[in-house]
Every structure is written in structure tokens, then in C-alpha cells.
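As the structure is a prediction and not an experimental result, all values here were calculated from the model. Side chains included, hydrogens not; waters and symmetry mates left out as well; all remaining heavy atoms used. So you know, we letter chains A, B, ... as the sequences are listed, proteins then strands, and number each from 1.
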2 protein chains.
Amino acid sequence: MDVSVDCVVFGFDNDTLKVLLIEQKQPDTVHLKTQNAVPGDLVLDNESLDEAAKRILQELTSLKGIYLKQFHAFGDPNRVRGLKDQQWLRTFRVNPERRVLTIGYYSLVKLSEFKPKAASFAGKTYWVDVYNIPSLAFDHNEIVHKALLMLRHELMADHIGFELLPEKFTLSQLQKLYEIILDKKLDKRNFRKNILRTETVTALEEKQQGVLHKPAQLFSKK
Amino acid sequence: MDVSVDCVVFGFDNDTLKVLLIEQKQPDTVHLKTQNAVPGDLVLDNESLDEAAKRILQELTSLKGIYLKQFHAFGDPNRVRGLKDQQWLRTFRVNPERRVLTIGYYSLVKLSEFKPKAASFAGKTYWVDVYNIPSLAFDHNEIVHKALLMLRHELMADHIGFELLPEKFTLSQLQKLYEIILDKKLDKRNFRKNILRTETVTALEEKQQGVLHKPAQLFSKK
DNA sequence: TTTGAAAGTGTATTTAGCACACGAAGTATC
DNA sequence: GATACTTCGTGTGCTAAATACACTTTCAAA
């Protein structure tokens, strides 16, 4: 069996929660509409799963120290049996008939610092709204959906939201991020009480600049 | 790469939380002490991961409808490189040098109803205390440990405890189960309030029999 | 009838969850 | 320099959940 790692890369642009997709290279001979997919690759011979996930990310961007978390193994024997999926496999895989198990990871990146690598192994990359994802290759729609559920869960349990924000952020930005990930409105005062109680962030001696209203205090992760 | 599923089977005997181990068959030619392992097997060609896990369980016991949950993929390239592990692989695997990725599942069985199958594919089976596990084959100690952490987590979130108890149980049994899994004392009155509020169990019109004290009310899952 | 052993139950206190509104601090415009 | 605009930052009361805590009841056995 082939084993791959697929990475659902989340980013936040202060307005929407995004997922990074790459356009799958197409066989020159076929002229189908290209498909998009979540970045992923086969696990190499001497590589752990975590290492494979890290490598895949680093082939897309030069960021280091990115938050990465394994969340589920997808092993349905037919997960790779779509028509386009098969054509793609026949062109780009040594053993196109081989079953592919994939280990899903999700990753949180600071969109502000994200620069796609010029010579990336794959095709063009796109950020798309997590709530408006087009039809993807393989079972990647399911993978993204499950990643989002796991992210929600972990956001509430471990308050990892700041991984998606710049080093310095305001509590309003953080709240908006929570609202978008959890897909519900939160009360400002209660949100602040809760976040400050968890002590995952710390106030800086610094204020927001260049805004046309009262500048907010900046925070960073503790 | 080979892909296997390993099943951490939990059982509860009213006193301790147990894990099912099987004694690995040993090559006739070698005379090492046998190793124990968690039940597991390679995933077959046309089988999903969940199906593989179910099959492994059914090769050990004839119980149906057993609670099963995927919890983690273990993919370190060296997870299978111990001396005894290698000997075992060379004897019983077609491709002993091939790397093995395993998907960890845990499973909750009613120990009272558990009967090991006579002609089980594997060696003898044992139940051992989860808090006193001997040294196991491969990375199975790590797998069991992680399974326990996940079980704790899910017990609190989803109140699945009764999966480990007979059809009819008392709240004291359930409480003891929680105390052992979570490894801490709970207050009786608060525990009852909480469990009854979650409405995952329902009171029967029936009482415990054959005990030498006030008989307790029986409950079953709702 | 007494003893032993677990069952079953209520209250008071503390803590977390939730709803809710207004003055303060900046920038831009006239 | 007054006004308008925008977001920031804050506190209180209410309700629900979490925790601590001890005595009476019910049965079987001796």
C-alpha cells in the first residue's frame, strides 16, 4: 500500500478562514479541467509521518516552526477511484493501481508571513474560504471538513488561535478569528474575560498604529 | 509500505481496567522469551481501516457491535526495529524488511460477555492491568499509553463508560469505572447528579440481587 | 436483634457562563 | 476647534454548573 500525508493548511486574513489548495498538474495529453487538492505527498522511505508533513509544508513555503497536528487516517479502499483521480495517478505515480492510505494533518500558518515558494514542486496555489470550498480531488473535501471539526475542537480545548495571527495582535482580531472558526457570534466582554483567564496571551506595552479610531492594545502569545 | 491496524481492547472487571494482550507466536527455531502484543494485523487489500479493526476483533471473540474508535497513526520508520520484533517479522511476514505503519484503534468490550474464540489465529490471550503493562512488542507500550489518554478524553466528553459494563449496571459500578479510568476519586452525590443530567443512562425497574447489603438500582444505557 | 456494608439522598458555597450598554480615545472633516 | 465617526475597553447581575460534605436506609448474615 502507498502511504501519503495530506496537509490541510489553514490561514486567516482578518476576514475569512482560508485553506490552501494546489492545482494538480495535468497530464499533457488529457484536456480535462484541472482539479484542486490539498497539498500532500507520499511518505518517503525513511521519514516519519510528522517529518513528511513538515517536508510537504516546506516545499510550499519557507516558514519554519509551523503548527502541525495529525488528526485522522483516511483508508477507504475506494477513496482514490474517481475518473480524474485515476488519470492523475496513472500519469504521476509509479504504481497508479496501488491503494493509497493517507494520514491527515492540519496546520496553522500566519497568512501575513506566508510567501509561497517560487519553485514549488506543485502547481499554482490558492487560498479559498473554508466555508466555500470547490469540489476537490480524491476525498479531499471530506478531509478538509474533518480537519475543520478537529480545529474547532482544539481551538476550544487548547486556545491555539494565535497560531493563525501575526506575532502581535489585538483581542478583537482574536475574537473575530474565534467567531469565524466556530461559526458563531461571541460576546466581547465575556470573550476577553475567558481569554485572559486562560493566560495563553500576554499584553504588550504597545498599541495598534495607523487605524482611524481608538487604537487597541496589542497582545502576543505567552 | 505495509499498513496494519492495532487494537487496544479495554475491559473492566469491576476492579481494574484491563487491556487484552496476545502472546506472539515464536519462530520454532529461536528460543527467546515470547513477547506480548496488542492484537493487530495487516490491512487486507479491499478492506477499509474500520473493517480491518472489526475483523481483528472478531478473530479473537465472537462479540458483535463492539465499540471501536480510531485514535492515531503510528508511523515512525523505526517502530519495528527491535531484535525480537525483527525475528518475528522474518518468520511471519512475507516482506519482513518492509516498513510497517499502524493505525491505532481502541475498543471497549463487556468483559462479562467476552469469550475468547477457541481457534483464534493468534497465541494465548491475557488481560493485564492497564496500569501495570509489561514490556510489549514493537511500539505497543506507546500505543496502549496513547489509547488510554484518548479513552480518558472521550469518557469525559461522550460518557461512553457503559460500553465496558454489562447491560445492567449500578451507578456505583459506573462510578468505580470512571474513577479507575480517570485515576482519581469522585464524589458519589456529584457523580450521580452529573450522570443523570447527561441522560446517557436510564433507570430500570429492577434491583441488584444476591448482594449482602442494600441492593442497588440497576441502570442501562439509554 | 444486632452487625456490617453499600445504597441513596440535599444543601450550602464557589465558580463559570451568559446577557447586556456606555464612555473613552483616536482620526478625519468641515 | 467642534463635530462626526469608529472601534476600544470595561462591570454587574443572573443563572447554571461544580464542588464539598454526612447521615439514614435497606438488605443479608450471624
Side-chain angles (χ1 to χ4, degrees), chain A residues 12-16 152-153 155-159 161-162 165-166 168-220 222, chain B residues 12-16 152-153 155-159 161-162 165-220:
Chain A
F12 179 62
D13 70 355
N14 279 313
D15 256 323
T16 49
R152 276 185 191 157
H153 196 262
L155 181 65
M156 294 198 287
D158 301 342
H159 294 286
F162 46 73
L165 293 175
K168 299 172 182 181
F169 51 86
T170 70
L171 292 186
S172 294
Q173 284 178 291
L174 189 61
Q175 180 178 343
K176 188 152 188 189
L177 172 59
Y178 272 65
E179 290 178 340
I180 289 170
I181 293 178
L182 302 177
D183 202 23
K184 67 175 175 191
K185 270 280 179 207
L186 301 173
D187 176 81
K188 181 156 61 159
R189 280 173 285 195
N190 296 332
F191 178 77
R192 284 163 186 245
K193 253 184 289 182
N194 287 324
I195 289 293
L196 295 176
R197 188 162 37 76
T198 64
E199 301 196 330
T200 49
V201 299
T202 185
L204 302 173
E205 305 284 300
E206 205 174 335
K207 298 202 160 176
Q208 216 179 11
Q209 294 200 339
V211 288
L212 49 168
H213 54 75
K214 176 173 178 181
Q217 172 143 68
L218 290 171
F219 287 75
S220 72
K222 181 162 277 177
Chain B
F12 180 62
D13 71 355
N14 279 315
D15 255 322
T16 48
R152 277 186 190 156
H153 196 263
L155 181 65
M156 295 198 286
D158 302 342
H159 295 286
F162 47 74
L165 293 175
E167 288 302 329
K168 300 172 181 182
F169 52 85
T170 69
L171 292 186
S172 294
Q173 284 176 292
L174 189 62
Q175 181 178 343
K176 188 153 187 188
L177 172 59
Y178 272 65
E179 289 178 340
I180 290 171
I181 294 178
L182 302 177
D183 201 22
K184 68 175 177 194
K185 269 278 178 211
L186 300 172
D187 176 81
K188 180 157 59 160
R189 281 173 285 194
N190 296 332
F191 178 78
R192 284 165 185 244
K193 252 183 291 182
N194 285 324
I195 289 294
L196 296 176
R197 190 162 35 78
T198 64
E199 302 195 329
T200 50
V201 300
T202 186
L204 302 173
E205 305 284 300
E206 204 175 335
K207 299 203 158 177
Q208 217 179 10
Q209 293 200 338
V211 290
L212 47 168
H213 55 75
K214 177 174 178 179
Q217 171 142 69
L218 290 171
F219 288 74
S220 71

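- Residue-environment remark: NZ (A:Lys185) stays at or below the threshold of 12 foreign heavy atoms within 6.0 Å.
- Put simply, the side chain of A:Lys188 and the base of D:dG9 share a donor and an acceptor less than 3.5 Å apart.
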> Could you walk me through whether A:Arg152 and A:Ile181 pass the side-chain contact (heavy atoms from CB on, under 4.5 Å) check?
Replying inline: CA-CA 6 Å; A:Arg152 276 185 191 157; A:Ile181 293 178; 3.9 Å; yes
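- Rounded to whole Å, atom P of D:dT7 lies 13 Å from atom CZ of A:Arg192.
- Annotation: the span from B:Gln173 atom CD to B:Leu218 atom CG amounts to 8.0 Å, rounded to 0.5 Å.
- Going from atom CG of A:Asn14 over to atom OG1 of A:Thr170 covers 8.0 Å, rounded to the nearest 0.5 Å.
- Counting non-hydrogen atoms under 4.0 angstrom, B:Gln208 reaches nothing in the nucleic acid.
- A 6.0 Å sphere centred on NE2 of B:His213 holds more than 12 heavy atoms belonging to other residues, nucleotides or ligands.
- Between B:His159 and B:Tyr178, some side-chain heavy-atom pair lies under the 4.5 Å cut-off.
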> How does protein reach along nucleotides 10-20 of chain C, written 5' to 3' as B (base within reach of a heavy atom under 4.0 Å), S (only sugar-phosphate), or - (no contact)?
Replying inline: BB-----SBBB
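- Phosphate contact (OP1/OP2 of D:dT7, side-chain N/O of A:Ser172, threshold under 4.0 Å): absent.
- Position along DNA chain C of the nearest nucleotide to B:His213 versus A:His213 favours B:His213 as the more 5'-ward residue.
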> How far apart are the C-alpha atoms of A:Asp15 and A:Lys176, what are their side-chain angles, what is the distance that settles it, and do they pass the side-chain contact (heavy atoms from CB on, under 4.5 Å) test?
Replying inline: CA-CA 8 Å; A:Asp15 256 323; A:Lys176 188 152 188 189; 3.1 Å; yes
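- Taking five base pairs at each end of the helix from C:dT1-D:dA30 to C:dC30-D:dG1, the local helix axes there meet at an angle of 0°, rounded to 10°.
- B:Phe219 and B:Phe169 have parallel rings, their planes meeting at less than 30° on a 0 to 90° scale where 60° marks the start of perpendicular.
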